[in-house]
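Working notes, beginning with the structure itself.
Counting starts at 1 for both ligands and their atoms, following the listed order.
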Amino acid sequence: MVAEVLAGEHVHLTADAVYSRAQQLLPEISLATVYNTLNELVDMGEVLEISTGDGPKRYDPNTTEAHHHLYCVGCGALRDVNPEGTDRLVLPRSQQHGFDLVDVDIVFRGRCPDCRAALTRIALT
Ligand SMILES: [Zn+2]
Ligand SMILES: [Zn+2]
């Protein structure tokens with residue numbers, strides 16, 4: 001159910017958004033169930049959890065292809081991106097603090113075209 005709601009490309013819903021979509025399919029579903037299911041899906045590796053810095057965590061069903069993210073600081077839009085040069089991104093051993101690295105995830109932050117246009121309109125008025 002929750003997995004169905006998350007299907008698709010460039011889908012990065014918050015838990016609240018998953019909840020409201022799941023409710024349309026199954027009105028009696030509870031927010032706790034949605035949270036529990038999301039946590040299970042993350043534990044099983046079926047869904048990625050992304051923190052964008054500010055704002056709530058997003059849940060991303062795109063686990064088949066390694067990717068990074070482009071985040072709009074204006075409206076919170078999140079796109080999947082495949083930046084160049086990440087294969088050469090290395091954390092020197094001296095910086096690993098004894099950690100066994102399992103993953104890296106890069107978030108590019110900026111303003112999407114809509115938010116840029118909105119800023120321009122404000123500047124012009
Ligand atoms: Zn935006
Ligand atoms: Zn993604």
Side-chain angles (χ1 to χ4, degrees):
M1 167 60 60
V2 169
E4 274 170 43
V5 168
L6 276 167
E9 283 190 353
H10 297 291
V11 175
H12 304 96
L13 298 174
T14 62
D16 283 344
V18 173
Y19 177 50
S20 62
R21 288 192 185 195
Q23 262 187 325
Q24 288 168 15
L25 300 171
L26 191 72
E28 64 272 25
I29 198 166
S30 73
L31 184 57
T33 303
V34 169
Y35 270 106
N36 290 339
T37 311
L38 284 172
N39 287 333
E40 278 169 27
L41 290 169
V42 170
D43 285 346
M44 293 188 305
E46 301 282 319
V47 167
L48 296 172
E49 195 178 65
I50 308 158
S51 45
T52 53
D54 48 357
K57 282 180 193 154
R58 306 292 195 90
Y59 294 90
D60 184 348
N62 184 359
T63 58
T64 47
E65 197 190 343
H67 67 281
H68 300 281
H69 291 101
L70 180 63
Y71 177 66
C72 177
V73 296
C75 66
L78 200 57
R79 309 289 300 182
D80 289 344
V81 293
N82 292 288
E84 293 174 6
T86 46
D87 49 335
R88 276 172 283 137
L89 191 70
V90 173
L91 189 64
R93 190 154 286 283
S94 63
Q95 295 283 308
Q96 289 184 12
H97 302 281
F99 281 49
D100 178 20
L101 299 179
V102 291
D103 197 13
V104 52
D105 112 59
I106 297 169
V107 178
F108 294 84
R109 290 186 178 76
R111 279 190 185 83
C112 73
D114 287 348
C115 290
R116 286 172 55 199
L119 274 186
T120 312
R121 277 197 297 276
I122 292 165
L124 290 174
T125 51

No-hydrogen, no-angle side-chain donor-acceptor test under 3.5 Å, Asp80 and His67: yes
Sub-4.5 Å side-chain heavy-atom contact between Arg58 and Leu13: no
Within-2.8 Å protein N/O/S contacts of the Zn ion (ligand 1): Cys72 SG, Cys75 SG, Cys112 SG, Cys115 SG
Could you pull out all donor-acceptor pairs under 3.5 Å where a side-chain atom in residues 25-38 meets a protein atom, sequence neighbours excluded?
residue, atom, partner, partner atom, Å
Ser30, OG, Thr33, N, 3.1
Ser30, OG, Thr33, OG1, 2.8
Asn36, ND2, Ala32, O, 3.3
Thr37, OG1, Thr33, O, 2.6

Any pair counted as salt bridge (Lys or Arg N to Asp or Glu O under 4.0 Å), so long as it reaches residues 30-49, sequence neighbours left out: Glu49-Lys57
For the Zn ion (ligand 2), every protein N/O/S atom that sits closer than 2.8 Å, waters excluded: His12 NE2, Asp60 OD2, His67 NE2, His69 NE2, Asp80 OD1
Beyond-backbone contact of Leu6 with Val47, side-chain heavy atoms, under 4.5 angstrom: yes
Residue Arg116 excluded, over 12 heavy atoms near CZ under 6.0 Å: no
Test item: Tyr59 and Val42 side chains (from C-beta on) under 4.5 Å apart, heavy atoms: yes
Main-chain N/O of Val107 paired with His69 side-chain donor or acceptor, under 3.5 Å: no
Side-chain heavy-atom pair Asn82, His68 within 4.5 angstrom cut-off: no
